[in-house]
**Student:** 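Right, I'll just put the structure down here and ask away after.
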Protein chains: 2
Amino acid sequence: MDQQDSYGLLLQHVARHIQLTTEEQQYFVSLLKSRRLQRRQWLLQAGDTCRYENFIVEGCLRSYITDRNDAEHVLHFAVEDWWITDLESLLTQTPSQVSIEALEPSLVLQLERDALQSLYQRVPAFERFFRILHQNAYLAQNRRILQNISHTAAERYDAFLRQYPTIAARVPQKYLASYLGMTPVFLSQLRQQKAGKLK
Amino acid sequence: MDQQDSYGLLLQHVARHIQLTTEEQQYFVSLLKSRRLQRRQWLLQAGDTCRYENFIVEGCLRSYITDRNDAEHVLHFAVEDWWITDLESLLTQTPSQVSIEALEPSLVLQLERDALQSLYQRVPAFERFFRILHQNAYLAQNRRILQNISHTAAERYDAFLRQYPTIAARVPQKYLASYLGMTPVFLSQLRQQKAGKLK
DNA sequence: ACCATTTATTAAAGTAGTTGAATATTTACC
DNA sequence: GGTAAATATTCAACTACTTTAATAAATGGT
C-alpha cells in the first residue's frame, strides 16, 4: 500500500464523522508521519513517553503492561482502520506504563501531540471527531467492564468470538486469554470443552 | 442548595476546561432542567430510553445492570461534580440495559439529548468540553480494566480505597463489592484479614 | 428513641480458574 | 521445504473466590 492509499483510508475514516474542505484535508495530511513496523517491533516501549496518536493502515498491534512479576497483560488489540496509543502518557507527557507491539508487519500514520493541538486550533471539527472517537471508545470499554464483572471466563470468550471473530482468528490465543483476563491454559480447556459439546 | 448555586457549581465545573462568554453561559443554563431524587429513587429505569446527561449537584448515585439471573452488577458510582448517564442508550435512543438509582437524596441538572445537540451547534466549545470529559472517562475505564485483568480481589479493593476513599466510605459495601467484581461475603473476608494484619 | 429492614459478618462446603511441568502442534523464516 | 522457536494442549495438584445459610450489627424512617 502506498502513501496516497494510506491517506485515502484515513480521510475516509475521518469523513464518517466530520466533513472537511480540501484545504483542511491537505492540512491534516501534512501533519502525518507514516511508519512501518516489523512483526514484534515496538511502536511504544514502556518507560518512553508516548508522542503519537497512531492510525493503523494495515497490520495488527497489541498494547500491554508488564507487571512487577514480569507477567504481561493485554489491554487492547488494534487492526486496520483503528487507532492505538497510550492516551494517559500522551496527554500527561509522562513515561508510559504501556508498551505497544506489532503482531504483524504493520503500517501506521502518526499524529504528534503538538500537531494534534494545532489541528484542534486550525480545524475545530476535529474536536468533534475526537469527541465521537473517545465517546465510542468509552462505550466499548464500558461493555468490556460489564463483561468482566458479570460473566464467567467461558462467557467472556464466547462474547469475544461473537463480537470480534476476525481478531480472535488473527492473534495468538495466549494474548486473547490475557485480554480476557484468564490464563492461556484455561482458555485452551474452554475450547476443548466447547469442541466436545459440538459432537 | 438553591437553583443559582447549582448552576454556579456546573458553570465552575465547565470553566475548568473551556471558557464561555456570559451569553453562552446563559444559553447553556437555559437548557438545563433540575431534578431532585429521594434515596432509592430511579433516575433511569432499565427498559426506558435514556433522555439526559445528568450532572450531580449533590448526592450519590449508582448505575447498574440486572442480569438474567436477577443479579445486579454496579457499573459506576457518581457523586457531586460528576456526570452520570447511560451513554449507549442516550446516543442510540434504544431502551437502556442500565438503571441509575440514587443512593442518597440527590439533586441533578439534566441536559436533554436534543438540547445537547443544539449546544454543540450554538457553542462549539462544548465539543471540546465533552471531548475532554469522554477522554478522561476513557482513561479511568482503562485503569479499571487493567485492575480487573491483572490484580486479585484484595489488590483491587486496596486500590479503590486509595483512589476513592470518600466513595468507599459513602456507599454500602455490597455495592462496592459488586463494582469491584466480587461477592460481598468475600469483600467482608478481605476486610477481616486486613484488620487482623494491623494488630 | 424505637422497631423494621437492610447490610455486614462468620463458617463451611463447593467450584472456577491457576500453576507448573511435560508433550504435541503450529508458525515463521532462511 | 526443513528446522528452530513459539504457541497450544493435557493433566494433576492447588488456591482464590463463590455459594448457602444462619447470626450479628447498623441504618433509616416515623
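Naming: A, B, ... by sequence-line order, numbering from 1 per chain. It should be emphasised that the depicted structure is a prediction, and the values quoted were computed from it without experimental measurement.
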**Student:** For B:Lys194 and C:dA8, what is the distance between atoms NZ and P respectively, to the nearest whole Å?
**Tutor:**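 Rounding to the nearest Å, NZ of B:Lys194 and P of C:dA8 are 16 Å apart.
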**Student:** Would you say the side-chain atoms of A:Arg156 pair up with the backbone N or O of A:Leu180, donor to acceptor, closer than 3.5 Å?
**Tutor:**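 Yes, because the side chain of A:Arg156 sits within donor-acceptor range (under 3.5 Å) of the backbone of A:Leu180.
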**Student:** Centre-to-centre under 6.0 Å for A:His13 and A:Phe129, is that the case here?
**Tutor:**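 When the ring centroids of A:His13 and A:Phe129 are compared, they turn out to be within the sub-6.0 Å range.
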**Student:** Round to a whole Å and report the spacing from CZ of A:Arg170 to C1' of C:dA28.
**Tutor:**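 Answer to the nearest Å: 17 Å.
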**Student:** Check nucleotides 2-6 of chain C for protein N or O atoms closer than 3.5 Å to its own N or O atoms and list the pairs.
**Tutor:**
| residue | atom | partner | partner atom | Å |
| --- | --- | --- | --- | --- |
| C:dT6 | O3' | B:Arg40 | NH2 | 3.0 |

**Student:** Verify the ring-centre separation between A:Phe77 and A:Tyr164: is it less than 6.0 angstrom?
**Tutor:**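 No.
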**Student:** When the distance from CD1 of A:Ile149 to P of D:dT18 is rounded to whole Å, what number comes out?
**Tutor:**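 To the nearest whole Å, that distance equals 12 Å.
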**Student:** Nearest whole angstrom, please: distance from the C1' of D:dC17 to the NE2 of B:His151.
**Tutor:**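 Going from NE2 in B:His151 over to C1' in D:dC17 covers 18 Å.
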**Student:** Any donor-acceptor pair under 3.5 Å linking the side chain of B:Ser96 with the backbone of B:Thr49?
**Tutor:**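 No.
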**Student:** Counting only side-chain nitrogens and oxygens, does A:Gln173 get under 4.0 Å of the OP1 or OP2 atom of C:dT26?
**Tutor:**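 No, no such contact exists.
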**Student:** Among side-chain atoms of A:His151 and A:Asp158, is any donor-acceptor pair under 3.5 angstrom?
**Tutor:**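 Absent: no donor and acceptor within the cut-off.
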**Student:** Between C:dT10, D:dT10, D:dT19, which nucleotide has the shortest distance from any of its atoms to the side chain of A:Gln192?
**Tutor:**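 That would be D:dT10.
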**Student:** Take atom CZ of A:Arg62 and atom C1' of D:dA6, then tell me their distance rounded to the nearest Å.
**Tutor:**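 One finds 13 Å between C1' of D:dA6 and CZ of A:Arg62, rounded.
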**Student:** Taking for each residue the nucleotide of DNA chain C bearing the nearest heavy atom, is the 5' side occupied by A:Arg156 or by B:Ser188?
**Tutor:**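 Closest to the 5' end, via its nearest nucleotide, is B:Ser188.
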**Student:** Using atom CD of A:Glu101 as one end and atom P of D:dA6 as the other, report the distance to the nearest whole Å.
**Tutor:**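 Rounding to the nearest Å, CD of A:Glu101 and P of D:dA6 are 12 Å apart.
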**Student:** Mind checking side chain to side chain contact (heavy atoms under 4.5 Å, CB included) for A:Thr22 and listing every partner two or more places apart, or none if nothing turns up?
**Tutor:**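 In terms of side chain to side chain contact (heavy atoms under 4.5 Å, CB included), with neighbours along the sequence ignored, A:Thr22 is linked to A:Gln26.
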**Student:** Holding to salt bridge (charged side-chain N to carboxylate O under 4.0 Å, His left out), I want the full list of residues that pass it with B:Glu112, two or more places apart in sequence or in another chain.
**Tutor:**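 With neighbours one apart ignored, the set is B:Lys33, B:Arg51.
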**Student:** Considering just the side-chain nitrogens and oxygens of A:Arg191, establish if one lies under 4.0 Å of OP1 or OP2 belonging to D:dT9.
**Tutor:**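 Yes, such a contact exists.
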**Student:** Tell me: CG of A:Asn148 to C1' of C:dG17, nearest whole Å?
**Tutor:**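 Answer to the nearest Å: 14 Å.
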**Student:** Would you mind telling me which of C:dA11, C:dA16, D:dT7 lies closest to the side-chain atoms of A:Phe186?
**Tutor:**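 Side chain of A:Phe186 sits closest to C:dA16.
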**Student:** Starting at atom CD of A:Glu155, determine the distance to atom C1' of C:dT15, rounded to an integer number of angstrom.
**Tutor:**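 Rounded to the whole Å, the gap is 15 Å.
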**Student:** Both B:Thr152 and A:Gln189 contact DNA chain D. Taking the nearest nucleotide for each, which residue is further toward the 5' end?
**Tutor:**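 This one resolves to A:Gln189.
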